[in-house]
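All remarks here apply to the structure that follows.
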Amino acid sequence: MDNGFRSYHPYVQFFYYICMLILAMYFNHPIFLVTILLLLIFVNISHDGGKDLRKWLPTLSIMSTLIILINPFLVSRGTTILFYFRGKQVTVEAFMYGITMALFIAIILVIFISFNIILNGNRFLYIFSKFLPRIALMIMMAIRFVPLMKRRLDEIGDVQRLRGMSMTVGSLKTRVRSGMLRIQILLTWSLEEAVHVTNSMKARGYGSEGKKSSYTPYYMEKRDWFWLFVLVSLMVVCFYGGKLGYGQMIIYPELGPWRFFQFDWVVFFCMLILTSFPLITEGREKLRWK
């Protein structure tokens with residue numbers, strides 16, 4: 001049985017992730033972006049102890065570092081010059097823009113890691129099956145296809161190694177033959193399962209006329225409506241504040257001030273509660289069961 005954030009209605013969960021994507025694209029103040037990133041990291045840790053996040057951490061760190069270091073040497077915009085490199089000015093504004101871009105990309109990646117954990121196949125299909133049933137099914141099958149093929153390829157490789165066949169040992173001809181045999185087995189296995197999937201879909205009435213129903217029903221409860229209202233209200237405040245320039249920092253042509261105005265704190269507090277929604281629900285669930 002799901003509990004905490006996982007137990008909420010898929011519409012509420014999906015709306016939360018949409019809000020996170022909008023906030024990441026809407027605000028560019030480094031304090032806002034760092035706060036969102038840290039909270040989302042804690043959200044991922046609350047899901048599975050950060051297991052999936054740790055797999056992406058090296059890629060995320062290298063990519064962010066490269067963006068921060070390379071951007072100032074590619075973009076010469078800005079008025080505050082740090083130094084010259086081969087006759088080209090390197091500015092503080094370019095460094096700051098690289099930092100904000102790195103934070104934005106990191107936030108997007110962390111959001112989708114959490115999205116993949118919470119909105120599994122059934123929930124994703126429930127959200128889109130009423131509007132785009134075929135496209136939703138195709139997307140879920142494509143998302144499932146990549147890790148499934150990788151896992152099967154590893155299993156085939158383990159069996160081949162036990163039989164003394166390897167793609168890393170022997171002559172080029174032997175390694176190519178071993179690799180081609182591995183791909184042949186993988187394709188045969190995939191086609192065989194495709195037949196089973198087709199038969200299963202026919203048995204469940206896929207493609208037949210009439211009204212369709214979801215395999216796993218979800219119902220909007222009072223708490224779902226309450227949190228949906230809270231999320232919408234907080235998002236309206238954040239959107240209105242961002243439209244007025246709060247939560248924003250001018251980077252080009254000259255770096256703007258870091259300080260917060262009074263309404264900046266209001267927008268920041270609303271953003272803080274909105275981003276912490278999964279942490280609030282998880283914390284309340286743990287306190288309830290103590």
Side-chain angles (χ1 to χ4, degrees), residues 2-47 50 53 99-101 103-119 123-124 126-128 131 218-250 256-288:
D2 294 331
N3 51 30
F5 184 55
R6 297 172 188 264
S7 63
Y8 281 79
H9 196 277
Y11 286 158
V12 180
Q13 297 169 343
F14 184 71
F15 183 74
Y16 168 78
Y17 289 114
I18 292 296
C19 290
M20 289 297 97
L21 289 173
I22 294 175
L23 291 180
M25 293 183 289
Y26 206 52
F27 297 126
N28 73 335
H29 199 291
I31 296 178
F32 275 72
L33 294 178
V34 169
T35 304
I36 293 174
L37 179 60
L38 291 176
L39 289 174
L40 288 174
I41 288 174
F42 286 123
V43 168
N44 274 270
I45 293 174
S46 69
H47 294 336
L53 183 62
I99 291 173
T100 56
M101 284 300 299
L103 288 171
F104 168 73
I105 293 174
I107 288 171
I108 297 300
L109 182 59
V110 174
I111 287 173
F112 277 103
I113 293 173
S114 175
F115 182 93
N116 190 47
I117 296 172
I118 298 300
L119 288 175
R123 291 175 179 269
F124 188 87
Y126 176 81
I127 294 172
F128 294 102
F131 312 103
Y218 300 99
Y219 301 99
M220 289 287 287
E221 300 177 1
K222 290 183 179 180
R223 61 170 189 169
D224 297 311
W225 287 111
F226 169 76
W227 275 108
L228 188 61
F229 173 76
V230 171
L231 293 178
V232 170
S233 303
L234 294 173
M235 193 61 198
V236 169
V237 175
C238 291
F239 187 80
Y240 179 73
K243 188 177 181 180
L244 295 178
Y246 297 100
Q248 311 277 350
M249 188 175 73
I250 299 174
W258 283 70
R259 69 178 183 273
F260 276 15
F261 296 97
Q262 186 174 1
F263 198 71
D264 277 309
W265 289 107
V266 176
V267 176
F268 181 81
F269 182 71
C270 292
M271 180 272 298
L272 195 69
I273 297 177
L274 200 158
T275 310
S276 303
F277 166 54
L279 298 176
I280 295 172
T281 57
E282 294 287 348
R284 189 180 64 177
E285 195 76 19
K286 290 181 180 179
L287 290 175
R288 179 182 298 178

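Computed over heavy atoms, backbone and side chain alike; hydrogens, waters and symmetry mates excluded. Just so it is clear, the model here is predicted, and its values are computed rather than measured.
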**Prompt:** Would Leu21 and Tyr17 count as a side chain to side chain contact (heavy atoms under 4.5 Å, CB included) if you check the C-alpha gap in whole Å, the side-chain angles of each, and the deciding distance to 0.1 Å?
**Reply:** CA-CA 6 Å; Leu21 289 173; Tyr17 289 114; 5.7 Å; no
Sequence neighbours left out, what passes side-chain contact (heavy atoms from CB on, under 4.5 Å) with [X]? Give chain and number order.
{"X": "Leu244", "answer": "Tyr240, Tyr246"}
{"X": "Leu33", "answer": "Thr100, Leu103, Ile107"}
{"X": "Ile117", "answer": "Arg6, Asn44, His47, Asp48, Asp52, Ile113"}

Taking atom [atom1] of [X] and atom [atom2] of [Y], what is their separation to the nearest 0.5 Å?
{"X": "Phe277", "Y": "Leu272", "atom1": "CZ", "atom2": "CG", "answer": "15.0 Å"}
{"X": "Met20", "Y": "Met25", "atom1": "CE", "atom2": "CE", "answer": "11.5 Å"}
{"X": "Tyr26", "Y": "Leu23", "atom1": "OH", "atom2": "CG", "answer": "10.0 Å"}
{"X": "Leu40", "Y": "Thr35", "atom1": "CG", "atom2": "OG1", "answer": "10.5 Å"}
{"X": "Ile111", "Y": "Asn116", "atom1": "CD1", "atom2": "CG", "answer": "13.5 Å"}
{"X": "Ile280", "Y": "Glu282", "atom1": "CD1", "atom2": "CD", "answer": "11.5 Å"}

message: Using side-chain heavy atoms (C-beta onward) and a distance below 4.5 Å, is Ser46 in contact with Phe42?
response: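 Sidechains of Phe42 and Ser46: no contact.
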### Task
Find out whether Phe112 and Ile108 are in side-chain contact, i.e. whether some heavy atom of one side chain is under 4.5 Å from a heavy atom of the other.
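Sidechains of Ile108 and Phe112: in contact.
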Contacts under 3.5 angstrom, residues 260-268 side chains, donor-acceptor by atom type, not counting sequence neighbours:
{"residue": "Asp264", "atom": "OD1", "partner": "Gly247", "partner atom": "N", "Å": "2.8"}
{"residue": "Asp264", "atom": "OD2", "partner": "Phe261", "partner atom": "N", "Å": "2.9"}

Name each donor-acceptor pair under 3.5 Å that joins a side chain in residues 226-238 to protein atoms two or more places apart or in another chain, with its distance.
{"residue": "Trp227", "atom": "NE1", "partner": "Tyr8", "partner atom": "OH", "Å": "3.4"}
{"residue": "Ser233", "atom": "OG", "partner": "Phe229", "partner atom": "O", "Å": "2.8"}

If the condition is side-chain hydrogen bond (donor to acceptor under 3.5 Å, both in side chains), which residues does Tyr11 pass it with, not counting sequence neighbours?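 For Tyr11, no residue satisfies side-chain hydrogen bond (donor to acceptor under 3.5 Å, both in side chains) once neighbours in sequence are set aside.
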- prompt: Of all heavy-atom pairs between Asp224 and His9, which one has the smallest distance, and what is that distance?
  reply: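 That closest heavy-atom pairing would be OD1-N, 3.2 Å.
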Query - Nearest heavy atoms of Phe104 and Ala24, plus distance in Å - result: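 Here Phe104 and Ala24 meet closest at CD1-O, 3.3 Å.
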